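Down below is the structure, laid out as structure tokens.
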Amino acid sequence: MVALQKYKAFAKSMDNEHYFEWVFAIARKIPPGRVSTYGAIADSLALGSARMVGWALNQSASRDDVPAHRVVNRKGELSGRAHFSPPERMQELLEKEGVIVVDNRVQDFEKLFWHPAEHLEDL
DNA sequence: TGTTTGACCACGG
DNA sequence: GCCGTGGCCAAAC
């Protein structure tokens, strides 16, 4: 946990722009057809919180190189759909990748879940 | 300056 | 499974 504290201290010295890059870097690593969660990304970064990941992804709306549609909440719900334009776009993007979405929820969520912490070394 | 609000989550009952 | 509670932390008000 010492490493975690040092990591957090380091993170505190970063400005928001860098924090976005960490979140975006992980989001970009999510393979097509797979999904991850706000909390998992926050945990793998060992800084911030799930809320901050949502906040960061909100800032990503202006970018076209961040697959924010592959990030859902812990229940597999498309909680961020309202921030896409139009909102239906999030589901459409997922379905284009073969992910089945019913009632704003990813089907087979546990199987499609991609664990960011297992791929951190690739960053 | 203090309070409320989120693309959230873990936990207890 | 559902609910409330508490933690989270930047932004907006």
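We use all heavy atoms of the structure for the numbers below, so side chains are in, but hydrogens, waters and symmetry mates are not. Remember, predicted model here, so these are calculated numbers, not experimental data.
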**Asked** Are the charged groups of A:E97 and A:R70 less than 4.0 angstrom apart, N to O?
**Response** yes
**Rounded distance in Å - CG (A:N58) to C1' (C:dA12)** = 13 Å
**Rounded distance (Å) that lies between atom C1' of C:dA12 and atom CH2 of A:W55** = 13 Å
**Message:** Whole angstroms only, please: what is the CZ-C1' distance between A:F20 and C:dA10?
**Reply:** 9 Å
**Request:** Look up atom CG in A:D43 and atom OG in A:S49, then write down how far apart they are to the nearest 0.5 Å.
**Result:** 10.0 Å
**Request:** Please state the P separation for the pair C:dG6 and B:dA7 - nearest whole angstrom.
**Result:** 23 Å
**Message:** Checking contacts here: which listed nucleotide (B:dA7, C:dA10, B:dC9) is nearest the side-chain heavy atoms of A:T37?
**Reply:** B:dC9
**Prompt:** Given pairs defined as Watson-Crick or G-U wobble with both distances under 3.5 Å, what dot-bracket annotation applies to DNA chain B, with ( ) intrastrand, [ ] crossing, | other strand and . unpaired?
**Reply:** .|||||.||||||
**Heavy atoms from other residues, nucleotides or ligands near CZ of A:R28 exceed 12 (cutoff 6.0 Å)** = yes
**Request:** Using whole Å, report how far CZ of A:F113 lies from P of B:dC9.
**Result:** 9 Å
**Asked** When you measure from the side chain of A:R74, which nucleotide among C:dC8, B:dA7, B:dA10 comes out closest?
**Response** B:dA10
**Request:** Please step through side chain to side chain contact (heavy atoms under 4.5 Å, CB included) for the pair A:L78 and A:R105, ending with a clear verdict.
**Result:** CA-CA 6 Å; A:L78 311 192; A:R105 175 147 352 175; over 6 Å; no
**Prompt:** A:Y38 has an atom OH; how far is it from atom P of B:dC9, in whole Å?
**Reply:** 8 Å
**Message:** What contact category does A:N73 fall into here, base, sugar-phosphate, or nothing, at under 4.0 angstrom with non-hydrogen atoms?
**Reply:** sugar-phosphate
**Message:** One thing to verify: whether A:R74 and A:E110 come together as a salt bridge, which I'm taking to mean a side-chain N less than 4.0 angstrom from a carboxylate O.
**Reply:** no
**Complete:** Against the side chain of A:A50, the closest entry in C:dA10, B:dA7, B:dC9 is B:dC9
**Message:** Tell me the closest heavy-atom pair linking A:E77 and A:V72, and the distance in Å.
**Reply:** O-CB, 3.3 Å
**Asked** If you pin A:S49 and A:Q59 to their nearest nucleotides in DNA chain C, which one's is more 5'?
**Response** A:S49
**Which atom of A:A50 lies closest to which atom of A:Y38, heavy atoms considered** = O-CB, 3.9 Å
**Prompt:** Tell me: CD of A:E77 to P of B:dA7, nearest whole Å?
**Reply:** 14 Å
**Message:** Between P on B:dA7 and NZ on A:K75, what's the gap in Å once rounded to a whole number?
**Reply:** 14 Å
**Asked** Under 4.0 angstrom, heavy atoms only, what part of the nucleic acid is A:A42 near: base, sugar-phosphate, or nothing?
**Response** nothing
**Request:** For A:Y19 and C:dA11, give me the distance from atom OH to atom P, rounded to whole Å.
**Result:** 11 Å
**Message:** Work out how far the P atom of B:dT1 is from that of C:dC8, and round it to whole angstrom.
**Reply:** 22 Å
